[in-house]
Amino acid sequence: MLLIEKAKQEKNVLLQKWVDKYYAAYPLGSTGFIRTSLDRFKNPIGVITQTSLNTLYDAALGEDIELSGVHRALEDLVKLRAIQEMPASRAVGPMAQLKTLFKVEVFDVLVKENKDSKVLQELMNDFFMVESRIDSLLLLSLDMYAADREKVYQLRVEEVHRSQSQVVRWAKLREEKLTTNHNNSEE
């Protein structure tokens, strides 16, 4: 539990680094606003990202969080990315970067500080548990992203059908009007 305790102590620093990795997917000019505004209405992306990643960080550490809360946090985060034009690797890729943060910022530091084989074994076990949880979150986010992108594409197809059917109706009305006018002029 040494790794978990250290990750809890370093939460603010590590969470901010993770948030920064998420923001890196957005254009450079927009990230300043996303990072600074805490208004839910002016900056929903920033607020949802901060809130969701906080919950997911705790879930990765095995905190006692309800599964529905974790699912909602992941869903909120993924839906934001799914409606934007970004590939899956950029949309959900930063989820995997939490493993790197834990490895470099927590695990490697603790390994350097501890040479006892029992402590090292405990650190390895803890790291593998955290890594497994992050992998599960990543896989779930990929499934959610794929489903959400499918919904976005389906909505686009439906919109094209609606707009095309409106054009067809207008064309028929125009044709009927022209035919009526042509028939009236022959009489």
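Positions are given from 1, in the same order as the sequence printed here.
A side-chain donor-acceptor contact under 3.5 Å links Q16 and D20.
Put simply, CZ on R72 and CD on E66 are 8.0 Å apart, with the number rounded to the nearest 0.5 Å. Between E75 atom CD and L77 atom CG the span is 11.0 Å, to the nearest 0.5 Å. To the nearest 0.5 Å, atom CG of residue N114 and atom CG of residue L2 are 5.5 Å apart. The distance from the CD atom of E105 to the CD atom of E10 is 8.0 Å, given to the nearest 0.5 Å. Atom OH of Y57 and atom CG of L101 lie 8.5 Å apart (nearest 0.5 Å). The CG atom of D76 sits 12.5 Å away from the CD1 atom of I45 when rounded to the nearest 0.5 Å.
Of all heavy-atom pairs spanning A59 and V70, the tightest one is CB-CG2, 3.7 Å. The two atoms that bring K21 and P94 nearest to each other are O-CG, 4.0 Å, heavy atoms only. Closest approach of M95 to I134, counting heavy atoms only: O-CG2, 3.6 Å. T55 and G69 get closest at one heavy-atom pair: CG2-O, 4.0 Å. Nearest heavy atoms, A73 versus S52: O-OG, 3.1 Å.
With a 4.5 Å cut-off on side-chain heavy atoms, E113 and V109 count as touching.
Other residues, nucleotides and ligands contribute only 12 or fewer heavy atoms inside 6.0 Å of the NZ atom of K112. For L173, the CG atom counts as densely surrounded, since its 6.0 Å shell holds more than 12 non-hydrogen atoms of other residues, nucleotides or ligands. By the neighbour-count criterion of 12 heavy atoms within 6.0 Å, atom CD of E159 is densely surrounded, having more than that number from other residues, nucleotides or ligands.
F102 pairs with exactly one of I4, L3, L61 by the side-chain contact (heavy atoms from CB on, under 4.5 Å) rule, that one being L61.
Between D135 and K99, at least one side-chain N (NZ, or NE/NH1/NH2) sits under 4.0 Å from a carboxylate O, which counts as a salt bridge. A salt bridge does not link E131 with K103: none of the charged nitrogens is closer than 4.0 Å to a carboxylate oxygen. The residues E63 and K8 are annotated as salt-bridged, a charged nitrogen and a carboxylate oxygen being separated by less than 4.0 angstrom. One finds a salt bridge joining K11 and D58 here, because a Lys/Arg side-chain nitrogen approaches an Asp/Glu carboxylate oxygen to under 4.0 Å.
At distances below 3.5 Å, not a single donor-acceptor pair connects side-chain atoms of R81 with backbone N or O atoms of P87. At least one donor-acceptor pair under 3.5 Å links the side chain of S141 to the backbone N or O of L138. Put simply, the side chain of Y145 never gets that close to the backbone of S89: no donor and acceptor are under 3.5 Å apart.
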Take K6 and F107 through the side-chain contact (heavy atoms from CB on, under 4.5 Å) test and state the conclusion after the steps.
CA-CA 9 Å; K6 178 80 169 168; F107 179 77; over 6 Å; no

Kindly determine whether V130 and V106 satisfy side-chain contact (heavy atoms from CB on, under 4.5 Å), including the steps that lead there.
CA-CA 12 Å; V130 169; V106 179; over 6 Å; no

Kindly indicate, with the supporting measurements, whether the criterion side-chain contact (heavy atoms from CB on, under 4.5 Å) is fulfilled by H71 and M144.
CA-CA 10 Å; H71 193 269; M144 289 177 167; 3.0 Å; yes

Quick one: do W18 and L56 satisfy side-chain contact (heavy atoms from CB on, under 4.5 Å)? Show the steps, please.
CA-CA 11 Å; W18 194 30; L56 296 173; 3.9 Å; yes

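By the criterion of side-chain heavy atoms lying less than 4.5 angstrom apart, applied directly or through intervening Ile, Leu, Val, Met, Phe, Trp or Tyr residues, L80 is grouped together with L53 in one hydrophobic cluster.
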